[in-house]
Each structure stands twice: as structure tokens, then as C-alpha cells.
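Since the structure comes first, as C-alpha cells, the remarks are kept for the end.
Computed from a predicted structure; not experimentally measured.
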Amino acid sequence: MAEIISKIIPILFLISLGYIMQYNKILKQTTIDEIKKVVINLSLPSVLFVTYLKMELKMEYIYIFIIIFIMSMAFYGLGILLNKIKTIAHPIIPFMVSSCSFGLLGVPLYATVFGVENLDKLSILGFGHEVFMWFFYVTILKITFSKEKFSLETVKGFCTSPLILSIVLGLFFNILGFNSWFNDNALLKGFYITIQYLGNLATPLILIIIGFGLKFNKRYMVLSIRFVAIRLAVILIIGYIFKVLLIDRIITPDPLFNYAYFTFLILPPAFSSAIFIGEYSTKEHKELANNAVVLSTVVCIAIFILFVFLVGV
């Protein structure tokens with residue numbers, strides 16, 4: 001029990017620290033936005049590069065990538081169907097149930113409790129989602145709200161995403177067997193250590209950023225609660241149907257993979273979803289999406305902490 005508490009305390013402390021900074025106006029929102037750019041463009045890609053570089057590659061991971069991509073599409077498709085029900089219909093529902101904050105919450109939560117050395121269990125789920133997010137999700141969101149058509153800019157944005165690039169490069173060096181170079185060559189070893197230093201910044205900075213962003217708008221609370229409830233129901237039911245019928249038949253899940261899968265499913269919508277919705281839709285939709293994401297983040301962290309205590313890691 002003492003070990004579990006010691007793993008949970010850093011999560012709560014760092015998030016609380018971010019909230020205190022926001023409440024006491026120690027940092028400005030513009031400063032946090034700049035720090036977030038460092039995390040998204042440097043720290044988090046560094047974590048993913050190292051993880052995919054060191055990952056033990058297996059043929060079945062290709063199938064997992066395809067399944068997670070299809071499952072993400074299924075979440076979106078079910079969101080479209082739910083929008084046919086008048087009592088719960090809302091333009092942003094499909095986008096609230098079909099993305100997750102894999103990098104900016106899944107990675108730090110899982111790594112803090114289960115260890116960076118086991119992050120590959122979560123990362124094999126993340127690649128399919130990131131492809132879905134940056135290639136399909138963003139494109140459909142633009143088309144839905146701004147009537148913008150598919151363009152080469154979409155492909156360019158996908159190919160230049162730091163998260164996608166870090167995953168692809170990590171896999172590239174891993175597949176070709178070049179990962180040993182980062183131990184044998186002094187120059188590359190120094191580069192690798194630098195990447196690790198940058199990656200070590202990711203978890204504390206992300207949790208502080210999350211705490212800083214914990215702001216609720218009471219006006220949208222009822223709708224936000226409805227969105228979060230719908231999201232959890234859709235993702236947990238569909239997610240475990242995919243796991244039982246497909247994923248468990250492809251790989252033999254160990255406890256750490258099962259923990260990673262549950263963590264993946266309870267994650268809130270991607271933090272960037274509110275930004276994209278605000279950019280291509282209305283201000284009201286943006287504020288509602290932001291409120292729903294914040295509430296979903298709080299619910300996710302609460303469920304994750306309860307889950308860790310129950311499994312007794």
C-alpha cells in the first residue's frame with residue numbers, strides 16, 4: 001500500500017502545483033502555452049522516440065496498430081449514430097468520443113505508476129490512435145465545421161507532426177537494428193542521453209500543465225457531464241468488445257498490457273480537440289469542448305488512481 005501511495009503522490013502533487021500556479025497567478029496562460037509547445041515538440045517526442053527505439057518488435061504489433069485505428073474509427077462512427085438521437089444530439093459529440101489524450105495524459109500517468117521501462121505496453125496502442133488523430137480526425141473536423149476539403153496540407157501536417165516523426169524514426173532505427181549504434185558510438189550515445197534528458201521533462205511538465213488548465217465553466221457543466229458519461233460508456237463497451245474478440249486472439253496479454261489498455265480507454269478526449277473545434281467551429285462549441293475535456297480529465301485521473309489501488313500495483 002505504501003508503494004502505491006508513493007506512486008500516486010507525484011501525480012496529485014504536480015497537478016495540484018499547476019492548479020496553485022493558476023489560482024495564484026504565478027504564471028500566465030501565455031507562459032504555459034509556450035511550455036506546452038516545448039513538451040509537444042521536444043519532450044514528448046523524445047519519450048516516444050526512445051520507447052519505440054527500444055521496443056521489442058513483434059509481427060502482431062502491426063495487427064494491433066490496424067485494430068486500434070479501426071476501433072478509433074468505430075468510436076467516431078458510433079458518435080455519428082448517437083447524433084441521430086434527438087435527446088443527446090450535438091454537433092461535437094462524434095469528436096468528443098473518438099480521440100484520446102494518449103501523449104499528454106496517457107504517457108505520464110502510465111509511466112509514473114508502471115515505469116518508463118514498461119511504456120512500450122501503452123505505446124503499441126498509441127501509434128494507431130495518432131495516425132487516426134492527425135490523418136482522419138482533424139480532416140473530418142475541418143470538413144464538418146468549415147466545409148474545407150481534403151488537401152495536401154493535411155498530409156503535410158500529418159507527416160510533420162513531431163509525435164508521428166518521433167514514432168516513425170524510433171521504429172525505423174529499431175527495425176534496421178541501428179538501436180545498438182546509440183550505445184556503441186560516442187557521438188550517438190551523447191545524442192541519446194540528451195534525448196533522455198528531454199524526455200525526463202515530459203511527465204512533470206505535462207502534469208503541471210494539466211493542473212494549470214483545470215478551469216470549469218458552470219454554464220456548460222450539465223452538457224459536459226452528459227458528454228463524459230456517453231464517452232466512457234461508448235469507449236469502454238466498444239473497447240473491450242475489440243479486446244475480447246480481436247486483440248486477445250492476436251497477442252497473449254500480460255497484466256501490464258491489460259493495465260495499459262484500461263488506461264488508454266479511460267483517457268479524456270485529446271486536449272487539442274477543443275483547439276481544433278474552436279478554430280473551425282463556433283466559440284460556444286470551443287468552450288463546451290474545453291469544459292468537457294477538463295471534466296473528463298478529472299474523471300480519468302480519479303478512475304486511474306482508484307484503479308491503481310484496486311489492482312495493488
Side-chain angles (χ1 to χ4, degrees), residues 2-54 100-123 126 130 162-163 166-167 170 191-215 256 259-260 263-264 266-272 274-275 293-294 296-309 313:
E3 187 177 350
I4 296 172
I5 293 174
S6 68
K7 291 178 179 179
I8 295 299
I9 284 177
I11 297 174
L12 297 176
F13 182 79
L14 289 168
I15 291 175
S16 300
L17 181 61
Y19 182 79
I20 291 169
M21 287 180 174
Q22 173 244 117
Y23 186 80
N24 292 306
K25 297 181 171 55
I26 295 174
L27 293 177
K28 296 180 180 179
Q29 182 63 52
T30 53
T31 304
I32 290 294
D33 290 340
E34 294 300 322
I35 294 174
K36 191 181 294 184
K37 287 180 182 179
V38 173
V39 170
I40 293 174
N41 293 305
L42 288 174
S43 295
L44 191 52
S46 296
V47 173
L48 294 176
F49 174 78
V50 171
T51 300
Y52 282 93
L53 177 69
K54 296 168 62 179
C100 76
S101 187
F102 160 71
L104 285 178
L105 188 57
V107 168
L109 281 185
Y110 190 84
T112 301
V113 174
F114 301 107
V116 177
E117 67 277 8
N118 295 311
L119 198 54
D120 59 319
K121 305 294 183 181
L122 181 70
S123 297
E130 290 304 304
L163 297 182
S166 63
I167 293 172
F191 172 77
Y192 181 77
I193 293 172
T194 303
I195 291 294
Q196 286 183 310
Y197 286 159
L198 287 170
N200 290 338
L201 295 173
T203 294
L205 288 179
I206 289 171
L207 293 175
I208 289 172
I209 289 169
I210 289 170
F212 194 92
L214 293 181
K215 304 172 187 175
L256 285 172
Y259 301 157
T263 303
F264 180 76
I266 64 171
L267 292 173
F271 294 152
S272 56
I275 297 173
V293 169
V294 172
S296 186
T297 300
V298 173
V299 171
C300 165
I301 294 170
I303 292 174
F304 181 77
I305 291 173
L306 178 62
F307 172 72
V308 170
F309 276 106
V313 179

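With sequence neighbours excluded, the residues that form a side-chain contact (heavy atoms from CB on, under 4.5 Å) with Pro269 are Met96, Ser99, Arg231, Ser273, Val293, Ser296. For Tyr110, the ring pair (Phe, Tyr, Trp, His ring centres under 6.0 Å) criterion is met by Phe114, not counting sequence neighbours. For Ile40, the side-chain contact (heavy atoms from CB on, under 4.5 Å) partners at least two apart in sequence or on another chain are Lys36, Leu104. Annotation: side-chain contact (heavy atoms from CB on, under 4.5 Å) contacts of Ile20 (sequence neighbours excluded): Asn24. Applying the side-chain contact (heavy atoms from CB on, under 4.5 Å) rule to Tyr23 yields the partners Tyr19; only residues at least two apart in sequence or on another chain are considered.
Two residues are said to be in side-chain contact when any heavy atoms from C-beta on lie closer than 4.5 Å; Phe49 and Leu44 fail this criterion.
Atom-to-atom distance recorded for Ile266:CD1 and Leu306:CG is 9.5 Å, nearest 0.5 angstrom. To the nearest 0.5 Å, atoms OG (Ser166) and OH (Tyr52) are separated by 8.5 Å. Here Leu256 contributes atom CG and Asn118 contributes atom CG; the two are 4.5 Å apart, rounded to the nearest 0.5 Å. The CG atom of Leu27 sits 6.0 Å away from the CZ atom of Phe212 when rounded to the nearest 0.5 Å. Rounding to the nearest 0.5 Å gives a distance of 9.0 Å between CG of Leu109 and OG of Ser101. Between the OH atom in Tyr259 and the CG atom in Leu122 there is a gap of 15.0 Å [rounded to 0.5 Å].
Contacts classified as salt bridge (Lys or Arg N to Asp or Glu O under 4.0 Å) and involving residues 103-122 (residues at least two apart or in different chains) are given here: Lys121-Asp254. Listed by first and then second residue, the salt bridge (Lys or Arg N to Asp or Glu O under 4.0 Å) pairs that reach into residues 25-35 are Glu34-Lys37, sequence neighbours excluded.
The shortest non-hydrogen separation linking Phe264 to Cys100 is CE1-SG, 3.6 Å. Annotation for Leu267 and Cys300: closest pair CA-SG, 3.9 Å, computed over non-hydrogen atoms.
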Go through the steps for Thr263 and Val113 under the test side-chain contact (heavy atoms from CB on, under 4.5 Å), then give the verdict.
CA-CA 11 Å; Thr263 303; Val113 174; over 6 Å; no
Please walk me through it: do Val50 and Tyr192 pass side-chain contact (heavy atoms from CB on, under 4.5 Å)?
CA-CA 8 Å; Val50 171; Tyr192 181 77; 3.5 Å; yes
Passes side-chain contact (heavy atoms from CB on, under 4.5 Å), Phe309 versus Ile8? Steps please.
CA-CA 9 Å; Phe309 276 106; Ile8 295 299; 4.3 Å; yes
Step by step, work out the side-chain contact (heavy atoms from CB on, under 4.5 Å) result for Leu214 and Ile15.
CA-CA 9 Å; Leu214 293 181; Ile15 291 175; 3.9 Å; yes
Pair up each side-chain donor or acceptor in residues 195-209 with any protein partner under 3.5 Å, not counting sequence neighbours, and list the distances.
{"from": "Asn200", "atom 1": "ND2", "to": "Gln196", "atom 2": "O", "distance (Å)": "3.3"}

